[in-house]
Amino acid sequence: MENQPSPKKFLYWFDPRHRQPGTWAFILNRITALGLTFYLVLHLVVLSNLTKGAEGYDTFLEFARQPVVKFGELLVIAAGLIHGLNGLRVVLTTFGIGVTIQRQVFWMLMALAAIGTAAFAYVMFFVA
Amino acid sequence: MAASTPKAREGAWLWLVKIIAGVLILVVLGVHFVMNHMVAPGGLLTYADVVRYYQIPYVVAMEIIFLVTVVTHSFIGLRSILLDLNPSEPILKAATALLSVAGVAAVAYGAWLIFTIAGRG
Amino acid sequence: MSHERWTVTFIVSRRKGEQPPHFQSFQLEVDPDEYVLDGVERIWAFHDRSLVFRHACHHSTCGACGMLVNGVEKLTCITPIRSVTSNGGKVKVEPLRNFPVISDLSVDMSTFYTRMEETCAPQVVPVRGSALPYEKGLFEQADPAYERLADCIECGCCISACPVAVTTPEYQGPAVLAAAQQAFSLTGHAGLLEKMDGADGVWRCHSGFECTAVCPSNVDPAWRIMDLRRKVIGRRIKRLFGLAK
Ligand code: SF4
Ligand code: SF4
Ligand code: FES
């Protein structure tokens, strides 16, 4: 492999070996960004079911209650939490807040994301 | 050997728009989450529920803001990922045009959806 | 220096001309408190005279000896063998990433040097105010007349570690942005902010802080990039209100 930079090496972005939490954050952010954008498009397409009136939409909701779909929803929630909280870290460091403790901030925010996801999972699968 | 001058392509304003949209998404989601619990504690389980829900002006406003910020943030974000790949000028131009058109279309379509449902109350 | 002896295997990346790179192993007996560069030098001296690598000062001043050691950017002249392996272990030595290889372990840094020069960052800075703002009180009492060399030794370790520099050669890179930040702080030359306000400048960084983690010279490039961003935004806002031109 050539040693100089090349767009073809984009897979290296996702290589977590020998990397700092900052890069793990970057990797997570990039994956969740792509995932959430895909979901956004999917969501907009699926919601067109709403225009089909009561029957079409209620059949769709029936489908949405399947555990697989619910799990997919949980993934979206997790991705949203990770991306949103991580984004907060980027904003904070850019504006000079917590730059020297950005590692700790990362772990703290990811712990929050994990707790949030667990809470949603509990409500979705055991309460609702 | 002279190093090439850095290309502008993404400046402070575009970056700020992306970041402000991102922060707004977090705020709207937070408010939305709390309000939803008060407006529809059990969730929106039927079509009738959804239509009733969309009669509340606050809900429509939130949805519109959410739609605009999410599309803005994600489409500028996609362009940023492309920039990481150091695209040629024509490719970047095409992508910018495509993303702008798709972004406007997505917002228009989303808004149409929201108002269609709201209009059925 | 201890009198311990370790046997370690140096696995060295070799590459000549257009040939694809390959690894060559050398078993060495070393004192673990010797530096990685000492090992590389010994391979050249006693095993293979054709091994090409860069070094000069041997005391972290010239910035010539940056290499990838077991996958991480290190200034090899100050990296004790003890800190990267154990007795009987391996030391994998590769050229810095994101620079074209000239031969074996030496890379072409000319574009990087040109970019550094283009920031017009002073090589010598007043001691007072040369510390990072979070290093509270450091050099505060220094005589205003005293000067010292700027921290950055242009070793290129940060560029090698940067996940953005992997895909785009046009990205100015951490050391260059850090130099622009320092130059702007000292000279107030607004042209630097304009220059770095773009896709190849401050906005390409992902706040990964890899550069800061590998910098052997306390430059903290990522901190400086964040600071430069604020300066760029500040200037944009001022210009919006007609307070700067
Ligand atoms: S913080 Fe920015 S400049 Fe430093 S390694 Fe990460 S992406 Fe590169
Ligand atoms: S900023 Fe640090 S790692 Fe980068 S070139 Fe300068 S001294 Fe080396
Ligand atoms: S040889 Fe000069 S810095 Fe290592």
Side-chain angles (χ1 to χ4, degrees), chain A residues 1-37 79 81-110 112-113, chain C residues 13 15 18 20-21 68-73 92 94-102 105-108 111 132-135 159-171 173 202-203 205-214 220 222-234:
Chain A
M1 181 56 114
E2 289 297 315
N3 206 51
Q4 44 265 60
S6 155
K8 289 193 200 100
K9 290 188 179 174
F10 70 94
L11 282 178
Y12 280 68
W13 287 340
F14 305 107
D15 184 352
R17 286 172 301 162
H18 308 299
R19 291 296 194 184
Q20 302 290 314
T23 294
W24 301 338
F26 163 58
I27 294 172
L28 283 171
N29 249 34
R30 186 129 293 183
I31 294 171
T32 52
L34 293 169
L36 288 168
T37 305
L81 280 170
I82 291 172
H83 192 89
L85 293 171
N86 237 331
L88 217 53
R89 173 185 146 277
V90 173
V91 174
L92 291 179
T93 49
T94 295
F95 292 102
I97 303 164
V99 187
T100 49
I101 51 161
Q102 50 88 22
R103 274 198 195 90
Q104 291 87 322
V105 173
F106 169 71
W107 291 123
M108 215 180 67
L109 291 173
M110 287 309 98
L112 264 180
Chain C
S13 172
R15 176 173 200 178
E18 291 305 302
L68 213 58
V69 180
N70 288 343
V72 183
E73 288 71 16
K92 192 172 183 186
E94 296 166 88
L96 287 182
R97 297 177 274 197
N98 308 335
F99 296 101
V101 172
I102 296 171
L105 299 170
S106 84
V107 292
D108 179 0
T111 306
L132 288 152
Y134 59 79
E135 300 175 307
I159 311 263
S160 171
C162 177
V164 180
V166 173
T167 49
T168 167
E170 308 282 301
Y171 178 44
V202 286
W203 306 115
C205 166
H206 291 295
S207 313
F209 290 80
E210 294 293 336
C211 46
T212 290
V214 299
D220 201 343
W223 187 91
R224 290 181 188 274
I225 294 171
M226 297 306 131
D227 188 60
L228 194 59
R229 282 182 167 183
R230 295 196 287 284
K231 293 183 159 76
V232 168
I233 293 175

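All values derive from a computational prediction rather than experimental measurement. Letters A, B, ... mirror the listed sequences (proteins, then strands); counts begin at 1.
- Contacts of Arg229(C) with chain A are made by side-chain atoms alone, with heavy-atom separations under 4.5 Å and no backbone atom involved.
- Heavy atoms of Phe209(C) lying under 4.5 Å from chain A belong to its backbone as well as its side chain.
- Gln102(A) places no side-chain N or O within donor-acceptor distance of the main-chain N or O of Arg89(A), the cut-off being under 3.5 Å.
- The aromatic rings of Trp13(A) and Phe26(A) lie perpendicular to each other, with more than 60° between the two planes, well past the 30° mark.
- Ranked by heavy-atom pairs under 4.5 Å with chain A, the list Pro20(C), Ala165(C), Ala161(C), Gly71(C) is led by Gly71(C).
- Heavy atoms of Val202(C) lying under 4.5 Å from chain A are absent altogether.
- Residue Ile233(C) touches chain A through its side chain alone, counting heavy-atom pairs closer than 4.5 Å.
- Arg30(A) touches chain C through its side chain: at least one heavy atom from C-beta onward sits under 4.5 Å away, while N, CA, C and O do not.
- A donor-acceptor pair is defined here as one N or O able to donate and one able to accept, closer than 3.5 Å; no such pair exists between the side chain of Ser207(C) and the backbone of Val90(A).
- With a 4.5 angstrom heavy-atom cutoff, Asn70(C) touches chain A only via backbone atoms.
- Under the side chain to side chain contact (heavy atoms under 4.5 Å, CB included) rule, Arg230(C) has a single partner from Asp227(C), Leu228(C), Val232(C), which is Asp227(C).
- Donor-acceptor pairing under 3.5 Å is lacking for the side chains of Asn98(C) and Ser160(C).
- Of the two parts of Thr100(A), only the side chain, counted from C-beta on, holds a non-hydrogen atom closer than 4.5 Å to a non-hydrogen atom of chain C.
- For chain C, the nearby parts of Phe10(A) are the backbone and the side chain; heavy atoms of each come within less than 4.5 Å.
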